[in-house]
Protein chains: 2
Amino acid sequence: MAGEPDGGRASAATRRRGAVLEQAILDAAAEELKESGYSGLTMDRVARRAGTNKNAIYRRWPSRAALAVAAYGRMTVTEARVPDTGELRGDALELLRAANRHLSSPLGRILLDLLASARDDPDLLAEIQARTGGDGLTGMWLTVLGRAVARGEAAPEALHPRVATVPIALLRNELLTRGVTGVPDEVLVEIIDEVYLPLVRGRGPR
Amino acid sequence: MAGEPDGGRASAATRRRGAVLEQAILDAAAEELKESGYSGLTMDRVARRAGTNKNAIYRRWPSRAALAVAAYGRMTVTEARVPDTGELRGDALELLRAANRHLSSPLGRILLDLLASARDDPDLLAEIQARTGGDGLTGMWLTVLGRAVARGEAAPEALHPRVATVPIALLRNELLTRGVTGVPDEVLVEIIDEVYLPLVRGRGPR
DNA sequence: GAGTTTAGGGTACTGTTCGTACCCTAACTC
DNA sequence: GAGTTAGGGTACGAACAGTACCCTAAACTC
């Protein structure tokens with residue numbers, strides 16, 4: 001256990017305590033998740049990587065899944081950027097492509113695995129939802145849709161969270177059944193052209 | 001190993017062979033899946049229940065996941081019944097409620113778990129798709145939608161597989177994030193009223 | 001029928017991992 | 001300084017996937 005001075009403190013404590021140790025554990029878990037995914041995550045390796053032992057981990061998190069969720073929550077990148085192509089189709093495709101890239105990444109895979117393993121645990125599920133900022137995504141789609149309504153590209157009635165997030169839901173459904181390869185772009189285009197645009201514009205005479 | 005006469009054969013063989021043994025293993029695996037879900041499925045217990053041992057299992061299936069998929073494929077019930085309420089909304093709600101019941105059942109849970117564990121294995125994923133008769137579902141929704149078009153309740157352009165199956169995709173998305181409790185009926189109603197009906201009818205002047 | 005091959009039933013083993021138990025003592029509080 | 005807490009260390013038990021090896025019933029071949 002190499003001496004690691006407490007940041008800024010004069011004393012040379014040899015043992016990390018409290019929040020400092022917790023941070024080290026979460027960092028280690030995050031690294032392990034990135035490298036091996038959820039299924040490859042082991043408590044032994046997290047402990048080793050954090051330079052501690054399992055006791056310290058289990059004192060804070062009741063299970064492997066709980067630790068993984070906590071670590072995952074620190075990994076989510078907020079690269080949210082609302083596109084502005086000047087038209088709804090362009091904006092929607094950009095958003096959907098970004099979501100596809102994200103959900104097809106190792107991070108997206110981790111999320112799906114966490115959702116699967118937390119299925120019996122409402123508290124853990126709730127925590128996953130809270131940490132993945134699901135609502136942030138809804139906000140972006142509503143922004144884009146709001147602009148489209150203002151431009152007359154979409155009907156005002158379409159401004160509804162469940163409507164706004166249909167493409168994301170369809171994307172998730174595709175990922176559920178496809179595996180790790182990501183969703184082909186043609187499918188994304190189809191989702192937007194065959195479902196989303198007709199939905200928000202009104203199907204019929206186009 | 002209790003003597004179990006080969007069905008119909010005059011000889012009293014004490015060992016089961018080939019298809020008979022395979023059937024016994026799959027039956028045992030299906031029972032274990034029903035009782036303990038995928039996460040609770042163990043090869044030891046399947047072997048014991050089938051009155052055989054792991055060698056016989058591994059001679060046929062390369063992994064636990066493969067066995068589970070094969071067993072699951074024999075469990076799917078085909079209770080497909082296309083409702084006919086005389087109007088699209090009623091039909092769609094019936095179909096969606098039936099799907100919700102099914103996907104919220106232990107069987108639905110098993111399916112989600114299998115999809116999660118097969119994520120790295122395209123062959124297994126393909127087998128899951130093949131065995132769950134995903135296309136049967138599409139057919140029902142297209143039938144219902146076709147009737148609606150004929151009645152003038154939906155625009156002819158809406159007759160598209162991806163459009164027809166939007167409710168199912170949205171349902172799956174809900175289940176992914178909710179856990180085992182199933183989707184509340186209000187959500188089903190919202191999916192149909194806020195998304196599906198507007199989509200197939202054309203949003204705007206209603 | 002004799003000889004050979006195959007696979008079923010049986011047992012044991014290895015390696016890994018989660019979660020638990022216990023020990024010693026640095027660090028903290030009063 | 002005394003008492004308490006939690007960090008670092010080691011070890012353990014149970015479970016389980018997958019593998020290895022053995023014996024021989026059953027099937028196949030000549």
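Below, read A as the first sequence line, B as the second, and so on, with proteins coming before strands; counting in each chain starts at 1.
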Distance-minimising heavy-atom pair for A:Glu35 and A:Arg49: OE2-NH2, 2.9 Å
Protein-nucleotide distance ([X], atom [atom1]; [N], atom [atom2]), rounded to Å:
| X | N | atom1 | atom2 | answer |
| --- | --- | --- | --- | --- |
| B:Arg16 | C:dG9 | CZ | C1' | 9 Å |
| B:Arg48 | C:dG8 | CZ | P | 20 Å |
| A:Ile25 | D:dG7 | CD1 | P | 8 Å |
| A:Leu21 | D:dG7 | CG | P | 5 Å |
| B:Arg17 | C:dG8 | CZ | C1' | 7 Å |
| B:Arg15 | D:dA25 | CZ | C1' | 4 Å |

Within the pair A:Thr52 and D:dG8, is there a side-chain N or O less than 4.0 Å away from OP1 or OP2? yes
Using a strict cut-off of less than 4.0 Å between a Lys/Arg side-chain nitrogen and an Asp/Glu carboxylate oxygen, indicate whether [X] and [Y] qualify as a salt bridge.
| X | Y | answer |
| --- | --- | --- |
| B:Glu22 | B:Arg17 | no |
| B:Arg147 | B:Asp84 | yes |
| A:Glu32 | A:Arg45 | yes |
| B:Asp113 | B:Arg109 | yes |

Could you check B:Leu88, B:Asp91, B:Val200, B:Leu145 and say which one makes a side chain to side chain contact (heavy atoms under 4.5 Å, CB included) with B:Glu153? B:Leu88
So which protein nitrogen or oxygen atoms get under 3.5 Å of nucleotides 17-21 of chain D's nitrogens or oxygens?
| from | atom 1 | to | atom 2 | distance (Å) |
| --- | --- | --- | --- | --- |
| D:dA17 | OP1 | B:Leu41 | O | 3.2 |
| D:dA17 | OP1 | B:Arg64 | NE | 3.4 |
| D:dA17 | OP2 | B:Met43 | N | 3.1 |
| D:dG18 | OP2 | B:Tyr58 | OH | 2.9 |
| D:dG18 | OP2 | B:Arg64 | N | 3.2 |
| D:dG18 | N7 | B:Lys54 | NZ | 3.1 |
| D:dG18 | O6 | B:Lys54 | NZ | 2.9 |
| D:dA20 | N6 | B:Asn55 | OD1 | 3.0 |
| D:dA20 | N6 | B:Asn55 | ND2 | 3.4 |
| D:dC21 | N4 | B:Asn55 | ND2 | 3.2 |

Mind checking if B:Arg60 touches a base, just sugar-phosphate, or nothing, with heavy atoms under 4.0 Å? sugar-phosphate
Quick one: the side chain of A:Arg59 and the base of D:dG7, do they pair up donor-acceptor inside 3.5 Å? yes
